[in-house]
There are 2 protein chains.
Amino acid sequence: MAADTLKKLKTAEAEKISHIDYFNIAISVDCVIFGFEKKELKILLIKSDLEEFADKWSLLGDLVRVDEDLDSAPYRVLRQRTGLDDVFLQQVGSFGATNRHPSGRVITTAYYSLINIRNHKLKITDNEVHWHSLKDLKALAFDHKQIIEACLQRLRIQVMDEPVIFNLLPEKFSLRELQDLYQAILGTKLDRRNFRKKIALKNWLDDLDEMEDDVPHRPGKLYKLKTGLKKHLAGLAEKVK
Amino acid sequence: MAADTLKKLKTAEAEKISHIDYFNIAISVDCVIFGFEKKELKILLIKSDLEEFADKWSLLGDLVRVDEDLDSAPYRVLRQRTGLDDVFLQQVGSFGATNRHPSGRVITTAYYSLINIRNHKLKITDNEVHWHSLKDLKALAFDHKQIIEACLQRLRIQVMDEPVIFNLLPEKFSLRELQDLYQAILGTKLDRRNFRKKIALKNWLDDLDEMEDDVPHRPGKLYKLKTGLKKHLAGLAEKVK
DNA sequence: TAGGATTTGTGTACAAATTACACAATCATT
DNA sequence: AATGATTGTGTAATTTGTACACAAATCCTA
């Protein structure tokens, strides 16, 4: 195989194509980007650009650059795709079945991200990129369905005891919005009184002394995340907490 | 850079050295192998073979082969190093700072493993490989200290609600041994009566109607893990649970 | 073989957290 | 002014977690 492989290598280098070849393993990152709108969890997907996956959707991802930290790559992907700079991102796991990518051997590390869909800095320029309801996901490319499942599972665990969920909401929000969001994530209905008691106990919120003004019914009070509570948890030590 | 890189490549291929080079990213796996003995958690380490880390210890690991699933690689490493075939292994996270490896760009995926030190199939042939008390770890190579921390954190979470801990014990054990093990993992003392109540509630154990016979004091009853409870949780869906 | 050391095995009372559940007040719409 | 939708609030029952003490079993030693 040596000579043959070397030839392939030369060709690859000469054509300056990506580092997906036949005897090296390429490494990519994929981002599962969650948003929340109309009481539903959404995720951001792009039309696959591989012929094998012509009508399928896939996660936003890219190969990791040789001079770039693994954990920096998803930030770059997000910046390029959404214009957002200061996002919640957390590593979830790596996926590396030999046959997961049709064009060669690619191991990918998955990250999940929580963003506020109404963030005015959010700029989705690529018109192949769209929000999808988590409920009715179409066919997905690669093992991306499985990756999304793993990220959702992580999200469900994490929202129970860390204030990460607020990355999905605008700065001011009502308790109803917060409850709707929890329900969308956990996939269950929650009792309103018990939910409020539990949230109050966590002591995450500041009462803003303002009311909703855009609802067709009795408005609720508005809250914001207590200043000082960082909603972004980055780094490895926090990975599983 | 093209010509220069190509030369390096040729050399690498010609010398059949590993896939650590200057313009590709190599991928490895590292295993944090936990054992339990004399009321202490231990981990299995090997003397580093890099000059940069001459007197340091490192995790057992290897480069992932191009025709091998990522999640299979740590099983291979364990088989080669310990002779064990049917081990508990779980992916914890991937580590990929650009400067983490002195010889080139290597991203590693960390796994943690739980084995019974007294397993008679355990054969450690390489005399550079030794068990170390988790308490007094010497200097470690690479970012392996950080990796161990992440694995320990995962272990602590996981033993609270899944019966993985029994991978560290012999088939028959007393409640004292089990409690000592929990205490070693969690780093706390537990109240005996409350501990027993909690374990009883989980319904993980079968009473063997046998007694310890090798202790210098009143012997305790022996238990074993209920048959049907799989102590090995593999696969992706279980990754974070 | 008796006494000391060590460890097993067991239950109860209190505090804290979780669950189930209903009604009046507010605002928008008509 | 009545209707519809939603907010805001408390209590009782249950479950879970925590703190804590004493008698009995076995080994060891004198």
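This one's a predicted model, so the numbers in the text were calculated from it and none came from an experiment. In what follows, chains are A, B, ... by sequence order, proteins preceding strands, each numbered from 1.
- Spacing between atom CG of B/L175 and atom C1' of C/dT10 amounts to 12 Å, rounded to whole angstrom units.
- When each of D/dG8, C/dC21, C/dG9 is scored by its nearest atom to the side-chain atoms of A/R196, the top-ranked nucleotide is D/dG8.
- Checking A/D191 against A/V215, the closest nucleotide of DNA chain C that is more toward the 5' end is the one next to A/D191.
- With hydrogens and angles left out, the side-chain atoms of A/Y112 and A/Q91 include no donor and acceptor closer than 3.5 Å.
- In this structure, B/I199 atom CD1 and D/dG17 atom P are separated by 12 Å, rounded to whole Å.
- In this structure, A/L190 places its CG atom 13 Å from P of C/dT18, rounding to the nearest Å.
- Rounding to whole angstrom units, CG of residue A/D214 and C1' of D/dA5 are separated by 15 Å.
- Rounding to whole angstrom units, CD of residue A/Q179 and P of D/dT6 are separated by 12 Å.
- Spacing between atom CG of B/D180 and atom P of C/dT7 amounts to 10 Å, rounded to whole angstrom units.
- Relative ring orientation between A/H130 and A/W57 is described as perpendicular, the plane-to-plane angle rising above 60° on a 0-90° scale split at 30° and 60°.
- Between the side chain of A/R176 and the base of D/dA5, no donor-acceptor pair of N or O atoms lies under 3.5 Å.
- At whole-Å resolution of the value, CG in B/D209 and P in C/dT8 are 18 Å apart.
- In terms of position on DNA chain D, the residue among A/N194 and A/H217 whose nearest nucleotide sits closer to the 5' end is A/H217.
- In the interface, the side chain of A/K197 is paired with the base of D/dT11 through a donor and an acceptor atom under 3.5 Å apart.
- Protein atom CE of A/M211 is 11 Å distant from nucleotide atom P of D/dT7, rounded to whole Å.
- At a cut-off of 3.5 angstrom, the base of D/dG8 holds no donor-acceptor pair with the side chain of A/R193.
- The residues B/R118 and B/E37 are annotated as salt-bridged, a charged nitrogen and a carboxylate oxygen being separated by less than 4.0 angstrom.
- With hydrogens and angles left out, the side chain of B/R218 and the base of D/dA24 share a donor-acceptor pair within 3.5 Å.
- In this structure, CZ on A/F166 lies 12.5 Å from CZ on A/F88, to the nearest 0.5 angstrom.
- Where B/R192 and A/P216 each meet DNA chain C at their nearest nucleotide, the meeting point lying more 5' is that of B/R192.
- A salt bridge is defined here as a Lys NZ or Arg NE, NH1 or NH2 lying under 4.0 Å from an Asp or Glu carboxylate O, and B/K221 with B/E212 fails to meet this definition.
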